[in-house]
Visitor: 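Have a look at this one.
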Amino acid sequence: VGFAVSDPFLQMQFEYQVGAPRLPAIRTHALYTGATHFPARPHEVLVMDRPHECVLMCIIQRLLPRHAEDDGQEGDADNWPTKDGRLRSAGSAGYPYSFLTRALTDRSFSTFAQFRAVLLWAYDMDLITFYEFY
């Protein structure tokens, strides 16, 4: 049995905390996803921000430009669409992209690959999720 880490940062962290032996750093390529990026949903951005989904989506919605035709509805938090008390999508008529959480998908990598981009809220020093979408 051999041990390895996924990046040089973890290699240094392990060496500092445990000492010898120095573990090899082997980059993760996430080939197991079996998905290739093909943006069939060119105006949608997938938001992968667990576990802070409710905070990030509210920030995105608040920062999106307001359009004159909105009548203030999009800027008013009382009118934002929620499900189970959480904001699952953010958008504005004055901005070309809408933002959706993975809760509004079937949560498969083939679906994720259809989005124009993925926005990842980094909440940990070493997220394997980054390699799944890179």
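Since the model is a prediction, treat every value here as computed from it, not as a measurement.
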Visitor: For Phe3, which residues count as a side chain to side chain contact (heavy atoms under 4.5 Å, CB included) partner, sequence neighbours excluded?
Guide: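 Side chain to side chain contact (heavy atoms under 4.5 Å, CB included) check on Phe3 returns Val1, Leu23.
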Visitor: Using side chain to side chain donor-acceptor pair (under 3.5 Å) as the criterion, list what pairs up with Gln11, not counting sequence neighbours.
Guide: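 With sequence neighbours excluded, Gln11 shows a side chain to side chain donor-acceptor pair (under 3.5 Å) to Arg22, given in chain and number order.
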Visitor: Enter the distance from Arg102:CZ to Arg88:CZ here, rounded to the nearest 0.5 Å.
Guide: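 One finds 9.5 Å between CZ of Arg102 and CZ of Arg88.
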Visitor: Has the side chain of Ser92 got a donor or acceptor atom that lies under 3.5 Å from a matching backbone atom of Pro65?
Guide: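 Yes; at least one donor-acceptor contact below 3.5 Å.
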Visitor: Any link between Met12 and Leu10 through a network of hydrophobic side chains (Ile, Leu, Val, Met, Phe, Trp, Tyr) touching at under 4.5 Å?
Guide: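 No, Met12 and Leu10 fall in different hydrophobic clusters.
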Visitor: Mind checking the CZ-OG1 spacing from Phe109 to Thr33? Nearest 0.5 Å is all I need.
Guide: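 Going from CZ on Phe109 over to OG1 on Thr33, the span is 6.0 Å.
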Visitor: Could you measure the distance from the CZ atom of Arg62 to the SG atom of Cys58? Nearest 0.5 Å is fine.
Guide: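 Output value for this atom pair is 9.0 Å.
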Visitor: Are Leu56 and Phe99 side-chain neighbours, meaning at least one heavy-atom pair lies under 4.5 Å?
Guide: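 They are not in contact (no side-chain heavy atoms under 4.5 Å apart), so the answer is no.
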Visitor: Please identify each residue that fulfils side chain to side chain donor-acceptor pair (under 3.5 Å) with Ser98, with sequence neighbours left out.
Guide: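 Partners of Ser98 by the side chain to side chain donor-acceptor pair (under 3.5 Å) criterion come out as none, since no residue qualifies.
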Visitor: Got a second to check how far Arg116's CZ is from Leu46's CG, nearest 0.5 Å?
Guide: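 Those atoms lie 14.5 Å apart.
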Visitor: Under the side-chain contact (heavy atoms from CB on, under 4.5 Å) criterion, do Ile60 and Val47 qualify, and how do the steps go?
Guide: CA-CA 10 Å; Ile60 291 170; Val47 178; 4.2 Å; yes
Visitor: What pair of heavy atoms forms the shortest contact from Leu87 to Gln61, and how long is it?
Guide: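 Of all heavy-atom pairs spanning Leu87 and Gln61, the closest is CD2-CB, 3.9 Å.
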Visitor: Measure across Val45 and Tyr97 and return the closest heavy-atom pair with its distance rounded to 0.1 Å.
Guide: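 Shortest heavy-atom separation between Val45 and Tyr97 comes out as CG2-CB, 4.2 Å.
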Visitor: Please determine whether side-chain contact (heavy atoms from CB on, under 4.5 Å) holds for the pair Ser89 and Thr101, giving the CA-CA distance in whole Å, both sets of side-chain angles, and the decisive distance to 0.1 Å.
Guide: CA-CA 6 Å; Ser89 65; Thr101 64; over 6 Å; no
Visitor: Minimum heavy-atom separation for Pro8 and Ala25, please, with both atom names.
Guide: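 In this case the closest contact between Pro8 and Ala25 is N-CB, 4.1 Å.
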Visitor: Phe9 and Tyr16: same hydrophobic cluster, using ILVMFWY side-chain contacts below 4.5 Å?
Guide: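 No, it is not one cluster - the side chains of Phe9 and Tyr16 are not joined through contacts under 4.5 Å.
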Visitor: Not counting sequence neighbours, which residues clear side chain to side chain donor-acceptor pair (under 3.5 Å) with Thr105? List them please.
Guide: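 Testing Thr105 for side chain to side chain donor-acceptor pair (under 3.5 Å), a comparison that skips the adjacent residues, returns none.
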Visitor: Step by step, would you call Met48 with Leu119 a side-chain contact (heavy atoms from CB on, under 4.5 Å)?
Guide: CA-CA 6 Å; Met48 298 289 292; Leu119 186 134; over 6 Å; no
Visitor: Where is the tightest heavy-atom contact between Ala4 and Ile26, given as atom of each residue plus distance?
Guide: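 Heavy atoms only, the tightest pair is CB-CD1, 3.8 Å.
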Visitor: Who are the salt bridge (Lys or Arg N to Asp or Glu O under 4.0 Å) partners of Arg41, not counting sequence neighbours?
Guide: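 With sequence neighbours excluded, Arg41 shows a salt bridge (Lys or Arg N to Asp or Glu O under 4.0 Å) to Glu44, given in chain and number order.
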Visitor: Can any side-chain N or O of His37 pair as donor or acceptor with the backbone N or O of Phe112 at less than 3.5 Å?
Guide: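 Side chain of His37 to backbone of Phe112: no pair is present.
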Visitor: Got a sec, which residues hit ring pair (Phe, Tyr, Trp, His ring centres under 6.0 Å) with Phe14, two or more places apart in sequence or on another chain?
Guide: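 None.
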